[in-house]
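Residue numbers start from 1 in every chain, and the chains themselves are labelled A, B, ... in the order their sequence lines are given, proteins ahead of strands.
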Number of protein chains: 2
Amino acid sequence: MARSALARKGSATRDRILNAAILRFARSSYESVGLRDIAADAGVDVAYVHRCFGSKERLFAESLEATMEPAKLFAGPPGDIADFLAKQIFARDGGRGRNTVGPLDIIIRSLSSVEASGVLREFTRDNIIRPLARTIGQKTDTRAAVIASLLAGIGILRNVLRIDPLTEVEGGELETLIAQIINGVLAADCSSG
Amino acid sequence: MARSALARKGSATRDRILNAAILRFARSSYESVGLRDIAADAGVDVAYVHRCFGSKERLFAESLEATMEPAKLFAGPPGDIADFLAKQIFARDGGRGRNTVGPLDIIIRSLSSVEASGVLREFTRDNIIRPLARTIGQKTDTRAAVIASLLAGIGILRNVLRIDPLTEVEGGELETLIAQIINGVLAADCSSG
DNA sequence: GCTGTTGGTCAACAGCGGTTGACATAAATC
DNA sequence: GATTTATGTCAACCGCTGTTGACCAACAGC
């Protein structure tokens, strides 16, 4: 029931708006993305975007969650977690009509945004650091946070600043190096100075 | 000559403006910092800030350069470069009246800013990646870029997002871990897959 | 067919942003 | 002392922002 033609149309436009928001937030920072841009992409009025999601912040949070799909991020076996994470930097999602958005894109674009930092802090802590710490089975979160920092840093220098040696494609020397570093962090001996 | 009372007063206010800009840019992202804020801090009119530095972008670039003092960043001997870099994350400059601004603060706050990325790209490439690559004597810039990414990532998660295990003070477990990682990157064998 | 709800638009608000040009004031030059 | 130069201000422009309330049209339930 309730899947009336009206309701179906409503959720369809909502999806269109969310999709447009994801694409925008994956390419520019929180402040730089305007609700009017998103509305235009989705073919609706600004007011409706606002009415649909309550506020820009909530639309951002939903976009973030939709791209990350947090549950699936750290589903791989702990053994090859390093390779898995190294691949995440290069991973892009071409499906669902939205043209190629990586799982870290949104988080990276707005990482230094003041207005978005509230949403991002919670999300990063709960959906990245903690699951990662659980996966690698460390008693402190420190190593997980350092690994997350490495991924974030590479993501920014690669995708936002477009620093040259980092703009390689998947599978190259860079990916190998990153995996090695992560393994090194996991194996590091912290007790000895 | 030319150090007339008028000229002296002029460059004094210019310094005051630059100082105010540094403090602002070290605490908020490029987009979030308004010229009116800076002007108010320095006790002058907005118009004069603009006339003094030409544009917001140029004021940002000057603030960046003043905080980083690029020449001194990689002056240490190549031997203990890892420890030196690990310390940079925690370093703060309390001198010159400006209350405690770290050398990486400005770059980190605006790292994902679209408008600032032009300035930041050039600066990062010329004043961080290349000198770092020169210091560690690698033929490719890849490792230098990865190390820079690590520093940037930690800086953001620590100072912007304020992720818990990263907010330690200098000299703790974290600093040791970072230095170990950097040493690992420098020693990594890239030829073997 | 009438009513209530839901999808969606329109226009406007109120505030902010960087930027600009005209103007005042004070010092330097001659 | 008059002219020029430089410091600094004032007010406004123009475009953008998220947000709001009034409004229209189409469908659902009775």
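Rounding to whole angstrom units, CG of residue B/Asp37 and P of C/dG15 are separated by 16 Å. Between the CZ atom of A/Phe53 and the C1' atom of D/dT19 there is a distance of 16 Å, rounded to whole Å. Residue A/Arg36 contributes atom CZ, which lies 7 Å from atom P of D/dG18 at whole-angstrom precision. If you measure from atom CZ of B/Arg14 to atom P of D/dG8, you get 12 Å, rounded to the nearest angstrom. Taking atom CG of B/Leu59 as the reference point, atom P of C/dG17 lies 14 Å away to the nearest angstrom. As rounded to whole Å, 11 Å separates atom P of D/dT19 from atom CD1 of A/Ile38. Atom C1' of nucleotide D/dT7 and atom CZ of B/Arg16 are separated by 12 Å, given to the nearest angstrom. What separates CZ of B/Arg24 from P of C/dG18 is a distance of 12 Å, to the nearest Å.
Across all strands shown, D/dC30 pairs with C/dG1; the Watson-Crick or G-U wobble distances both stay below 3.5 Å.
Over its full length, the helix from C/dG18-D/dC13 to C/dC30-D/dG1 turns its helical axis through 10°, comparing axes from the five pairs at each end and rounding to 10°.
Among the protein residues, B/Val33 comes within range of the sugar-phosphate backbone only, with heavy atoms under 4.0 Å from sugar or phosphate atoms but none that close to a base.
Using a 4.5 Å heavy-atom threshold, the side chains of A/Phe60 and A/Ile106 count as touching. Between A/His50 and A/Leu35 there is a side-chain heavy-atom pair separated by less than 4.5 Å.
Put simply, B/His50 has no side-chain N or O that comes within less than 4.0 Å of OP1 or OP2 on C/dG18. Checking the phosphate oxygens (OP1, OP2) of D/dG8, a side-chain nitrogen or oxygen of B/Thr13 falls inside 4.0 Å. Taking side-chain N and O atoms only, B/Lys9 has no distance below 4.0 Å to OP1 or OP2 of D/dT7.
The two residues B/Asp41 and B/Arg24 come nearest to each other via the heavy atoms OD2-NE, 2.7 Å.
Checked against D/dA12, D/dG8, C/dG8, the side chain of A/Tyr48 finds its nearest nucleotide in C/dG8. Candidate nucleotides C/dT19, C/dG8, D/dG8 were compared by shortest atom distance to the side chain of A/Arg51, and C/dG8 ranks first. Closest to the side chain of A/Lys56, out of D/dT9, C/dG18, D/dT17, is D/dT17.
Taking for each of A/Ser32 and A/Asp45 the nucleotide of DNA chain D with the nearest heavy atom, the 5'-most of the two is the partner of A/Ser32.
Each of A/Ile17, A/Val44, A/Asn19, A/Val46 was checked for a side-chain contact (heavy atoms from CB on, under 4.5 Å) with A/Ile38, and the lone residue meeting it is A/Ile17.
One finds a salt bridge joining A/Arg14 and A/Glu62 here, because a Lys/Arg side-chain nitrogen approaches an Asp/Glu carboxylate oxygen to under 4.0 Å.
With 3.5 Å as the limit, one finds no donor-acceptor pair spanning the side chains of A/Ser110 and A/Ser29. In this model, no donor atom of one side chain and acceptor atom of the other lie less than 3.5 Å apart for A/Ser32 and B/Glu115.
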